[in-house]
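Notes to accompany the following structure.
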Amino acid sequence: MTSTSSPFPLFHLPHVVLSEVFNSTTPDEIIRISFCSKRAALIIKYTSGKWKKGKELELVLQGTQPSVVNYDEFLLLSISHISEAEDQRQLVNLKIGESIVPVDTSNMVTYWADKLKGVRSVMEYVMDIFNSEIETFYITKNATSTEIHYIFQWMAKRKTVFSVCFLNCNNVTTEDLNFFLRNIQISKVACLYGRFPETYRYQRNLFWTFPRGLVNLENGLWMRMSHLLTMNCRFITVMNVPFTNKEINCFLKKWQAGEACPLLKYLQFGFEILLNLEEMVKGLDGVKVPDDIIREYKTFPDKTITLPGGYDIKRNDGTMAT
Amino acid sequence: MSVEPEVPIVQVEEVRENPVLYKIISSDNHVFTISEHAVKLSKTLWDLITNLGLTAENALDNPIPVENVNGKNMETIVQFCERHKYDEEEPEYTNYIREFVLPEWDRQLLSIDNEELFQLILATNYLDIQKLMDYCCRVIGDMAKDKTPEELRIIYGIPTDAEDDALERSASDSPGPSG
């Protein structure tokens, strides 16, 4: 490849060329370059590039494991507690936000005495460099109650709409869950899984009205029919819903009339009781499909589901549902 | 418009399919011939040819002076354009830039000293040759692969904060144009 006899004077390139060079690097490399100097970080910040147009920044919050800020598949920076550092002599001090932090530059793990401060500082540093919000959050089962509380407060303060949130509720408190459902807007994908707090009781919130893409809930005991009727989401999967045959029938009639979930493409409910199909479809004027007729439905570009038989109903605009 | 060449014409590649040739004179008076298909890869040169009204009949009698590009870079550029003149348009690369592999011929062509690469990319930018720009950027971007910030500072000649501060101080201490 090129000779290493002299450096390549990257920042002497015209701005438009520099932007093209940045497009030929990966987001993790952009972050590494940003740590070369304050000026490097500033130049990157004010140089346009395709990475700034994407909204791919995400946080993976994990209590016992290092938390991670990614750009799509690229790991940008990890956040660990300083006690996790094996050999601090190998670490390089870098400035992240207002803090000077030891970093293992071979894998970009940052070490913090206060890991939560680290999570916030790393998120804000990366957002500043890419001039973009972190829009995707994976709050894993390892995340502690304290971390979850902190991140919910931080998200609410951003006063923005996030795209995706996968929340494992194992360690979330009732108070924090209510706070999340009331104050944080998720526009595309909202998945709540794991155990809900035992003391959790439904309180009024707007959670259901926002997502347009996918809602997936492992525990839907707190879901009410009024929630479903406020939703306008393409894919809905909720387990352990408390709905009755009559309520389902009422919902389907509203869907037929075009008064409920107009975007809906896929709806799956899990029930704790056995339902009565006849009661559910009463008055829907549908057609029973024999079980030996097997049909495939494309849910995502790369995913299909197979339905043997079923019961076809038609919406007032001609859209069919099985 | 006609300029007498001071050095022998560099015939980069014989052009059989397309008889229309143009002459280009570099800043150090090297003269190059380039085929019509190849020169079209340079938006700047093709706009110039179009605006000057050069045709198959008068093209060779009217060399195009390019004062911003020296002979060495122009030779690389002409080689590149002749090589890629019949390429089909490449798909736009996705985010996964590493999926695109630089062809070996081009990797060899661009295996040059960093200073030369710097001059070449400036020339490429001036002549507006997008494909060569993409390839040069790819070579420069590849330098960052798997490198730490300390290594990148050396590879890309990025001054430390202290060096930047010192430069700024010396710039502010030096007398202005009237001083």
Side-chain angles (χ1 to χ4, degrees), chain A residues 1-44 49-51 53-56 71-74 77 90-96 100 103-108, chain B residues 92-100 102 107-126 128-165 167-168:
Chain A
M1 217 54 256
T2 51
S3 160
T4 53
S5 58
S6 61
F8 183 87
L10 186 67
F11 291 149
H12 291 193
L13 287 172
H15 205 70
V16 65
V17 180
L18 188 59
S19 168
E20 300 237 19
V21 172
F22 286 157
N23 288 346
S24 294
T25 60
T26 51
D28 53 323
E29 290 160 357
I30 299 259
I31 285 292
R32 288 166 191 249
I33 296 170
S34 78
F35 282 122
C36 288
S37 70
K38 280 190 284 190
R39 185 167 165 265
L42 268 179
I43 290 173
I44 290 172
K50 68 178 178 188
W51 304 118
K53 292 172 191 149
K55 294 182 178 292
E56 307 285 349
Y71 188 111
D72 195 11
E73 67 173 46
F74 300 98
L77 292 164
Q90 300 294 320
L91 305 179
V92 176
N93 281 335
L94 296 177
K95 190 164 190 225
I96 299 178
I100 306 286
V103 179
D104 182 343
T105 53
S106 66
N107 53 15
M108 298 310 281
Chain B
E92 197 164 318
Y93 305 119
T94 64
N95 284 349
Y96 308 102
I97 188 76
R98 297 297 184 218
E99 284 177 3
F100 162 64
L102 201 61
R107 191 168 287 279
Q108 288 292 328
L109 184 76
L110 299 176
S111 291
I112 50 180
D113 180 77
N114 282 337
E115 177 57 32
E116 289 176 47
L117 184 61
F118 181 77
Q119 295 302 331
L120 178 63
I121 200 168
L122 294 184
T124 303
N125 182 46
Y126 173 70
D128 200 352
I129 306 168
Q130 189 56 49
K131 190 168 197 137
L132 182 54
M133 175 64 81
D134 290 344
Y135 284 20
C136 287
C137 288
R138 181 56 199 269
V139 171
I140 298 163
D142 276 354
M143 295 175 191
K145 204 173 175 184
D146 300 327
K147 297 294 189 295
T148 65
E150 307 94 297
E151 291 167 331
L152 289 168
R153 193 181 289 130
I154 296 164
I155 290 166
Y156 290 136
I158 301 172
T160 61
D161 287 343
E163 288 167 339
D164 275 335
D165 289 345
L167 274 173
E168 205 172 301

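Throughout, protein chains are lettered first and strands after them, A, B, ... in sequence-line order, and every chain is numbered starting at 1. Everything numeric in this text was worked out from a predicted model, so none of it was measured.
- Side-chain contact between B/Asp113 and A/Ser6: present, with at least one pair of heavy atoms (C-beta onward) separated by less than 4.5 Å.
- A distance of 11.5 Å separates OG of A/Ser24 from CE of B/Met143, quoted to the nearest 0.5 Å.
- Atoms NZ and OG1, from A/Lys38 and B/Thr160 in turn, are 10.5 Å apart once rounded to the nearest 0.5 Å.
- In this structure, the separation between CG on A/Leu13 and CG on B/Asn125 is 9.0 Å, given to the nearest 0.5 Å.
- At a 4.5 Å heavy-atom cutoff, B/Gln108 makes no contact with chain A through either its backbone or its side chain.
- Neither the backbone nor the side chain of B/Glu168 comes within less than 4.5 Å of any heavy atom in chain A.
- With respect to chain A, the highest number of heavy-atom pairs below 4.5 Å among B/Glu151, B/Met133, B/Glu115 belongs to B/Met133.
- Two residues are said to be in side-chain contact when any heavy atoms from C-beta on lie closer than 4.5 Å; A/Met108 and B/Pro149 meet this criterion.
- Interatomic distance, B/Glu163 CD to A/Arg39 CZ, rounded to the nearest 0.5 Å: 11.5 Å.
- Using a 4.5 Å cut-off between heavy atoms, A/Val92 contacts chain B through its side chain alone, with no backbone atom that close.
- Across every non-hydrogen atom of A/Glu29 and B/Lys145, the tightest pair is OE2-CA, 3.3 Å.
- Only the side chain of B/Asp164 comes within contact range of chain A, judged by heavy atoms closer than 4.5 Å.
- Top candidate by heavy-atom pairs under 4.5 Å with chain B, chosen from A/Ser37, A/Ser106, A/Pro14, is A/Ser37.
- Neither the backbone nor the side chain of A/Ile31 comes within contact range of chain B; no heavy atoms are under 4.5 Å apart.
- Side-chain contact between B/Ile158 and A/Ile33 is present, with heavy atoms from C-beta onward closer than 4.5 Å.
- If you measure heavy-atom distances from B/Leu122 to chain A, the contacts under 4.5 Å come from the side chain alone.
- The CG atom of B/Asp161 lies 8.5 Å from the NZ atom of A/Lys95; values are rounded to the nearest 0.5 Å.
- Here the CZ-CZ distance, from B/Phe118 to A/Phe8, works out to 6.5 Å after rounding to the nearest 0.5 Å.
- Within the 4.5 angstrom heavy-atom criterion, only backbone atoms of B/Ile155 (N, CA, C, O) approach chain A.
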